[in-house]
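We use all heavy atoms of the structure for the numbers below, so side chains are in, but hydrogens, waters and symmetry mates are not.
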2 protein chains.
Amino acid sequence: MTVHQSFQAPSPAPASWMAPQVAAALHDPRPLAFFPAGAEVYAQGETAGDLYQVEFGAVRVYRLLADGRRQISAFHLAGEVFGFEAGDTHHFFAETITACGIRVLRPSTGLGLADVLLPVALQVLVRAQEHLLVLGRQAAVERLAAFLVDMAERQGGHLQVELPMSRTDIGDYLGLTIETVSRVLTRLKQKGVIRLPNLRSVDILKPQALRALAC
Amino acid sequence: MTVHQSFQAPSPAPASWMAPQVAAALHDPRPLAFFPAGAEVYAQGETAGDLYQVEFGAVRVYRLLADGRRQISAFHLAGEVFGFEAGDTHHFFAETITACGIRVLRPSTGLGLADVLLPVALQVLVRAQEHLLVLGRQAAVERLAAFLVDMAERQGGHLQVELPMSRTDIGDYLGLTIETVSRVLTRLKQKGVIRLPNLRSVDILKPQALRALAC
DNA sequence: CGAGATCTTGATCTGACTCAAGAGTCGTGG
DNA sequence: CCACGACTCTTGAGTCAGATCAAGATCTCG
């Protein structure tokens, strides 16, 4: 990982989702790294071990096929932890989408740390498994609906959703082409389900209808 | 979970993949339950907590949409552990495919158990994430190839693969219809890549070709 | 041997992809 | 502040992989 800028920040309150013990077990203060948009946090094949907590900004985690097809397995927003690996090398790439502040966690230093990390890892697992249902069995409209509902919930359940990622990213997350993403959003707009005030935000006008589509 | 038959078995050697500490931490001997084919191990909404280790047989873990569409998120073969959950209720269904012997693990009794379970959970996570790539970005032939390669590897890397599951199960795992699964297998047979001695087994004749398809 | 379930094969349909062009957005520099 | 250029996004037309619908064939097991 290339650290673009790093310093000892005054310990902020742990993100709300994080049990107090997590912060304790991880020995705050932990190094905080700043990344510009589009920077690599780690690459496939690199040595794994550290975990990363997004302080602000957004990150994409993805795999590539030999011919360039890309599958984004997850987006990570402020407060979320990523970087879990089964072996000692990364199977995925992680890149910032926007400028990011990322706190580096060093699990190796903690005793009994797994007790604290297991729930976080399981949360990531459940999310991946829900994503399987979307990719395996849902139509394009349903995928977009599920995506928007998920993003809304992760941003505090508000009806104004910020989308830090491009249409290409959304397509590669949902297993669709950029054109299909665009067309479906247009159709949802025409049906009055959403509004698109600008390219990077969505207003949910009919949450009920969206939820029904997402099943 | 409905236990169909249960008794204290003489402690067998732990499955080869399992670190010795796992068995120790889990306090062998553990209850062994027998299930007939098609039995429910747990259902969505049930209280979670226990883990399950397949002793023999095969299990499918899946979710359902309201209209009956099904996505199988994983098959579990002998030696593998399933039942991980993020909260205290199951988000998935687990059913036996064949008659099964399943060892019930009680994580609540172990101190420092998470250190031992985390690697197992991470293994499940990585498998789910690889599955995302298959469902999101691969064509039908590639999905079948990846599936056959995976099943072969999990059965000791032999070129004779047993498929305990039906074509419907394979379709619901790969996000395809049963007809497409059947057609693709036929095409692979015609190209001499595989042989289909009977409905539940596959001989891999050209492992190189299959691997190339699976990317 | 027979009946039901499972699997294969064929014909047709369709949702999403591909290819192509135009519109909007953003950052830069004059 | 506007003009320019490079992206990114939207929209349209045509195509195609996989779904759906519909028979048959094969397997399983009492």
> Which nucleotide of DNA chain C is the first, and which the last, in the 5' to 3' direction, to come under 4.0 Å of a heavy atom belonging to chain A?
Replying inline: C/dA16 to C/dT25
> Nearest heavy-atom pair of B/Val59 and B/Ala94: which atoms, and what distance?
Replying inline: CG1-CB, 4.4 Å
> Can you name the closest pair of heavy atoms from A/Gly101 and A/Leu32 and give their distance?
Replying inline: C-CD1, 3.9 Å
About how many Å separate [atom2] of [Y] and [atom1] of [X], when rounded to the nearest 0.5 Å?
X	Y	atom1	atom2	answer
B/Ile178	B/Arg183	CD1	CZ	10.5 Å
A/Phe35	A/Tyr52	CZ	OH	7.5 Å
B/Glu85	B/Leu51	CD	CG	10.0 Å

> Taking it one step at a time, do B/Gln44 and B/His90 satisfy side chain to side chain contact (heavy atoms under 4.5 Å, CB included)?
Replying inline: CA-CA 5 Å; B/Gln44 190 172 15; B/His90 282 294; 5.7 Å; no
> Less than 6.0 Å separating the ring centroids of A/Tyr173 and A/His131?
Replying inline: yes
>> Closest-nucleotide mapping onto DNA chain C: is A/Asn198 or A/Arg183 further toward the 5' terminus? I mean the 5' end.
In response: A/Arg183
> Of A/Pro197 and B/Thr186, whose nearest nucleotide on DNA chain C comes first from the 5' end?
Replying inline: B/Thr186
> Between A/Arg70 and A/Tyr62, is NZ or CZ placed under 6.0 angstrom from the six-membered ring centre and within 45° of the ring axis?
Replying inline: yes
Go through the structure and list residues passing side-chain hydrogen bond (donor to acceptor under 3.5 Å, both in side chains) with [X], not counting sequence neighbours.
X	value
A/Arg137	B/Asp172
A/Arg143	none
A/Arg63	B/Glu130
B/Asp150	B/Arg154

>> I'd like to know if the side chain of A/His91 pairs up with that of B/Gln129 as donor and acceptor (distance under 3.5 Å, no hydrogens or angles considered).
In response: no
>> What residues from residues 128-143 of chain B pass a heavy-atom cutoff of under 4.0 Å to DNA chain D?
In response: B/Ala139, B/Ala140
>> Just to be sure I understand the geometry, which residues of residues 59-68 of chain A put a non-hydrogen atom under 4.0 Å away from DNA chain D?
In response: none
>> Taking ring-ring contact (aromatic ring centres under 6.0 Å, His included) as the definition, give me every residue that meets it alongside B/Phe84, ordered by chain and number, with sequence neighbours left out.
In response: none
May I have the list of side-chain donor-acceptor pairs in residues 198-215 of chain B shorter than 3.5 Å, sequence neighbours left out?
| residue | atom | partner | partner atom | Å |
| --- | --- | --- | --- | --- |
| B/Asn198 | OD1 | B/Arg200 | N | 2.8 |
| B/Asn198 | OD1 | B/Ser201 | N | 3.2 |
| B/Asn198 | OD1 | B/Ser201 | OG | 3.0 |
| B/Asn198 | ND2 | B/Ser201 | OG | 2.9 |
| B/Asp203 | OD2 | B/Arg195 | NE | 3.4 |
| B/Asp203 | OD2 | B/Arg195 | NH2 | 2.9 |
| B/Lys206 | NZ | B/Lys191 | O | 3.3 |
| B/Arg211 | NH1 | B/Glu153 | OE2 | 3.4 |

Once you apply a heavy-atom cut-off of 4.0 Å, does [X] come out as touching a base, just sugar-phosphate, or nothing?
X	value
B/Gly175	sugar-phosphate
A/Leu176	sugar-phosphate
A/Arg200	sugar-phosphate
A/Ser182	base
B/Thr177	base

>> How bent is the helix from C/dC1-D/dG30 to C/dG30-D/dC1, measuring the angle between the end axes built from five pairs each, rounded to 10°?
In response: 50°
> According to the ring-ring contact (aromatic ring centres under 6.0 Å, His included) rule, which pairs have a member within residues 182-215 of chain B, sequence neighbours left out?
Replying inline: none
> From the 5' end of DNA chain D to its 3' end, which nucleotides mark the outer limits of contact with chain A, defined by a 4.0 Å heavy-atom distance cut-off (strictly under)?
Replying inline: D/dC9 to D/dA13
